[in-house]
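Treat the numbers as computed from the prediction; the structure is a model and nothing was measured.
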Amino acid sequence: MKEKSLKIGIVKKKYECLKGFLNERSRRIWAATEASALGWGGLTILSEATGLDCHTIRKGMKELETGQIHDSEHIRKKGAGRKTITEKYPEILKIVEDIVTSPSGSDSDSPSKKTCKSTYKIAEILKNHGYDISQKSVYTILTETLGYCLQPEKKERSRKRKIS
């Protein structure tokens, strides 16, 4: 038991020094290498010392055994990762457009696509309708997908002449 605690302490110290330099893939491969070097019980020791899931370390071990470490330019396999908001909610574009073009939502005098509703307000409305969306996602939908301009028009300042 004492030996296991000692090993966990050593691995934890190594991990603390390295973790700032490791990405998802290199962390998995490093953990798999360390676990293999420790032998029996190494996987458990690495998991306890680093907080990495056993499945992640096993995946790294499998990659090392087969030599099939994924493309070095990409950390995850193609298609992996979080889906975009429009993939998650295909109807979101129409809903955002409807919110923005509602009578109180757009500047109808302007020829370009503009809105007077803030991205925070639109995100709040969408959240109230059950959508898990951030202000940043609303901003991206409005500016990049729907082509809206969110900067207000410059106001002309009236100059008062100083009469001497």
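If you chain together hydrophobic residues whose side chains sit under 4.5 Å apart, L22 and L52 fall into the same group. Grouping the Ile, Leu, Val, Met, Phe, Trp and Tyr side chains by contacts below 4.5 angstrom, directly or via other members, places L43 apart from L64. I57 and L18 fall within a single hydrophobic cluster, where Ile, Leu, Val, Met, Phe, Trp and Tyr are joined by side-chain heavy atoms under 4.5 Å apart, directly or via other members. Residues I8 and I10 do not share a hydrophobic cluster, defined by chaining ILVMFWY side chains whose heavy atoms lie under 4.5 Å apart. With hydrophobic clusters built from ILVMFWY side chains whose heavy atoms lie under 4.5 angstrom apart, L46 does not share a cluster with L6.
Inter-residue side-chain proximity for D132 and Y89 is flagged as met; some heavy-atom pair is nearer than 4.5 Å. Using a 4.5 Å cut-off on side-chain heavy atoms (C-beta onward), E124 and K121 make contact. The shortest side-chain heavy-atom distance between I95 and H129 does not fall under the 4.5 Å cut-off. In this structure, the side chains of I122 and Y139 stay at 4.5 Å or more apart for every pair of heavy atoms. Proximity of S36 to T33: side-chain heavy atoms (C-beta onward) are nowhere separated by under 4.5 Å. The closest side-chain heavy-atom distance from K117 to I125 is below 4.5 Å. At least one side-chain heavy atom of I141 sits less than 4.5 Å from a side-chain heavy atom of I133.
The structure places CD of Q135 at 12.0 Å from CG of L126, a figure rounded to the nearest 0.5 Å. Here I92 contributes atom CD1 and E97 contributes atom CD; the two are 12.5 Å apart, rounded to the nearest 0.5 Å. Summarising the geometry, atom NZ belonging to K14 is positioned 12.5 Å from atom OG1 belonging to T50; distances are rounded to the nearest 0.5 Å. A distance of 14.5 Å separates NE2 of H55 from CZ of R28, quoted to the nearest 0.5 Å. Rounding to the nearest 0.5 Å gives a distance of 7.0 Å between NZ of K127 and OG of S134.
Ion pairing between K7 and E3 holds under the 4.0 Å rule for side-chain N and carboxylate O. For the pair R27 and E24, the salt-bridge criterion is not met [side-chain N within less than 4.0 Å of a carboxylate O].
Ring geometry for W30 versus Y15: interplanar angle under 30°, hence parallel rather than tilted (30 to 60°).
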Exercise for review: Apply the test side chain to side chain contact (heavy atoms under 4.5 Å, CB included) to residues I85 and T140: give CA-CA distance (whole Å), side-chain angles for both, the deciding distance (0.1 Å), then the verdict.
Suggested key: CA-CA 10 Å; I85 198 75; T140 302; over 6 Å; no
